[in-house]
Chemist: 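Once you've had a glance at the structure underneath, I'll fire off some questions.
The model shown is predicted, which means the values in this text are computed figures rather than measured ones.
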Amino acid sequence: MRVSAKADYAVRAMVELAAAEGGTLKAERIAQAQEIPLKFLENIMADLRQAGLVRSQRGAEGGYWLAKPADEITLAQVIRAVDGPLANVRGRRSEEVEFVGSAAPLREVWVAVRASLRAVLESVTLADVARGELPDAVAGLTADGDAWLPH
């Protein structure tokens with residue numbers, strides 16, 4: 001899986017909001033805290049607002065806040081809001097692709113890859129990351145030394 005800069009920045013911005021525990025943060029504060037280019041962040045926040053994950057208010061007292069509690073927003077939701085589906089094959093949903101001959105089983109492989117991504121990204125909430133307490137299943141995956149190897 002390739003995590004786009006947009007998805008990375010969106011998740012980090014949302015975790016920053018989660019860490020604010022219901023408070024309102026200005027875009028400049030989020031951008032500075034997470035080293036995200038401000039203009040890029042503003043576009044990302046518009047996508048997140050459109051997806052119903054954040055709310056905002058303009059003005060001196062304005063800023064951004066989570067639209068739902070942090071323990072109800074998963075990393076998968078954030079990524080989908082800015083990048084679309086978690087996994088696709090050449091821009092098509094995994095279940096829609098078809099291969100012929102000896103490559104025919106690849107569709108099931110791509111569906112399984114998507115299911116694996118979902119298993120992790122839909123189980124981790126913004127609150128989990130903000131608290132530094134990942135679900136046991138995710139922590140277990142990272143406990144395997146092989147997971148850290150770049151292959």
Side-chain angles (χ1 to χ4, degrees), residues 1-97 107 109-144 146-151:
M1 172 183 181
R2 184 177 312 228
V3 178
S4 70
K6 190 174 187 181
D8 175 48
Y9 289 162
V11 169
R12 289 169 39 202
M14 292 293 279
V15 169
E16 195 69 26
L17 287 173
E21 297 182 348
T24 300
L25 295 179
K26 295 195 174 298
E28 295 83 3
R29 167 78 176 95
I30 298 167
Q32 182 180 27
Q34 290 299 319
E35 298 178 345
I36 301 170
L38 181 59
K39 283 294 186 190
F40 199 9
L41 176 64
E42 288 171 346
N43 291 330
I44 290 167
M45 298 308 284
D47 289 343
L48 295 169
R49 188 175 58 246
Q50 185 175 5
L53 297 178
V54 297
R55 294 206 171 109
S56 65
Q57 179 177 326
R58 296 178 190 242
E61 300 298 316
Y64 294 93
W65 64 93
L66 297 178
K68 300 188 281 190
D71 62 356
E72 294 179 17
I73 301 173
T74 68
L75 300 188
Q77 291 172 300
V78 176
I79 293 168
R80 285 185 188 113
V82 298
D83 273 354
L86 294 178
N88 64 62
V89 180
R90 297 183 325 267
R92 297 177 60 202
R93 294 168 107 38
S94 302
E95 71 277 7
E96 294 174 349
V97 296
R107 181 171 76 165
V109 172
W110 299 140
V111 169
V113 167
R114 181 181 61 193
S116 295
L117 288 171
R118 283 180 178 166
V120 172
L121 296 174
E122 290 180 351
S123 71
V124 180
T125 67
L126 297 176
D128 295 331
V129 179
R131 284 192 309 262
E133 298 174 3
L134 299 179
D136 290 341
V138 174
L141 290 170
T142 65
D144 178 2
D146 195 44
W148 296 91
L149 296 177
H151 54 83

Chemist: Within a 6.0 Å radius of atom CG on Asp144, are there more than 12 heavy atoms belonging to other residues, nucleotides or ligands?
Modeler: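 Counting other residues, nucleotides and ligands, CG of Asp144 exceeds 12 neighbours.
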
Chemist: For Ala33 and Glu16, work out which heavy atoms get closest and say how close.
Modeler: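 Shortest heavy-atom contact: CB-OE2, 3.4 Å.
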
Chemist: Counting only heavy atoms from other residues, nucleotides and ligands, does the tally under 6.0 Å from CD of Glu35 exceed 12?
Modeler: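 No - once you tally the heavy atoms of other residues, nucleotides and ligands closer than 6.0 Å, there are 12 at most.
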
Chemist: Before you tell me yes or no, could you show the steps for Thr125 and Leu75 under side-chain contact (heavy atoms from CB on, under 4.5 Å), namely the whole-Å CA-CA distance, both residues' side-chain angles and the distance that decides it to 0.1 Å?
Modeler: CA-CA 6 Å; Thr125 67; Leu75 300 188; over 6 Å; no

Chemist: Taking all non-hydrogen atoms of both residues into account, name the closest pair between Arg114 and Ala87 and its distance.
Modeler: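 What the structure gives for the nearest pair is CB-CB, 3.9 Å.
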
Chemist: What do you reckon, is CD of Glu21 surrounded by more than 12 foreign heavy atoms closer than 6.0 Å?
Modeler: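 Result for CD/Glu21: open.
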
Chemist: Any salt bridge between Asp128 and Arg131, counting N to O under 4.0 Å?
Modeler: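 The answer is yes: the pair qualifies as a salt bridge.
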
Chemist: Testing Val78, Leu17, Asp47, Ile44 one by one against Val54 for a side-chain contact (heavy atoms from CB on, under 4.5 Å), which residue passes?
Modeler: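 Of the listed options, the one satisfying the test is Leu17.
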
Chemist: Please name the pair of heavy atoms, one in Gln77 and one in Glu72, separated by the smallest distance, quoted to 0.1 Å.
Modeler: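 Smallest interatomic distance, heavy atoms only, reads OE1-O, 3.3 Å.
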
Chemist: Between Ile73 and Leu53, which heavy-atom pair has the shortest distance, and what is it?
Modeler: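 Smallest interatomic distance, heavy atoms only, reads CD1-O, 3.9 Å.
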
Chemist: Testing the basics here: between Leu25 and Arg29, what is the closest heavy-atom pair and its distance to 0.1 Å?
Modeler: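 Heavy atoms of Leu25 and Arg29 come nearest at CD2-CG, 4.2 Å.
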
Chemist: Crowded around Arg55 CZ? As in, over 12 foreign heavy atoms under 6.0 Å?
Modeler: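 No, CZ of Arg55 has 12 or fewer neighbouring heavy atoms, counting only those of other groups under 6.0 Å.
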
Chemist: Going through the checks in order, is the side-chain contact (heavy atoms from CB on, under 4.5 Å) test met by Thr142 and Trp148?
Modeler: CA-CA 7 Å; Thr142 65; Trp148 296 91; 4.0 Å; yes

Chemist: Could you check Val113 against Ser94 for side-chain contact (heavy atoms from CB on, under 4.5 Å), going step by step and ending with a plain yes or no?
Modeler: CA-CA 9 Å; Val113 167; Ser94 302; over 6 Å; no

Chemist: Could you state the interatomic distance from CG (Leu141) to CG (Asp136), rounded to the nearest 0.5 Å?
Modeler: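 Rounded to the nearest 0.5 Å, the CG-CG separation comes to 11.0 Å.
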
Chemist: On a heavy-atom basis, which atom in Tyr64 and which in Ala27 lie closest, and how many Å separate them?
Modeler: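 Closest pair (atom of Tyr64, atom of Ala27, distance): CE1-CB, 3.8 Å.
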
Chemist: Just by distance, do the side chain of Arg107 and the backbone of Glu95 share a donor-acceptor pair under 3.5 Å?
Modeler: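 Answer holds: yes.
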
Chemist: Evaluate the criterion side-chain contact (heavy atoms from CB on, under 4.5 Å) for residue pair Leu41 and Gln34; output intermediate values, then yes/no.
Modeler: CA-CA 10 Å; Leu41 176 64; Gln34 290 299 319; over 6 Å; no

Chemist: Within a strict 4.5 Å, meaning less than it, do heavy atoms of the Pro135 and Val124 side chains meet?
Modeler: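 Side-chain contact under 4.5 Å: yes.
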
Chemist: Strictly distance-based, threshold 3.5 Å: is any side-chain N or O of Asn43 a donor or acceptor partner for the main-chain N or O of Phe40?
Modeler: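 Absent.
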
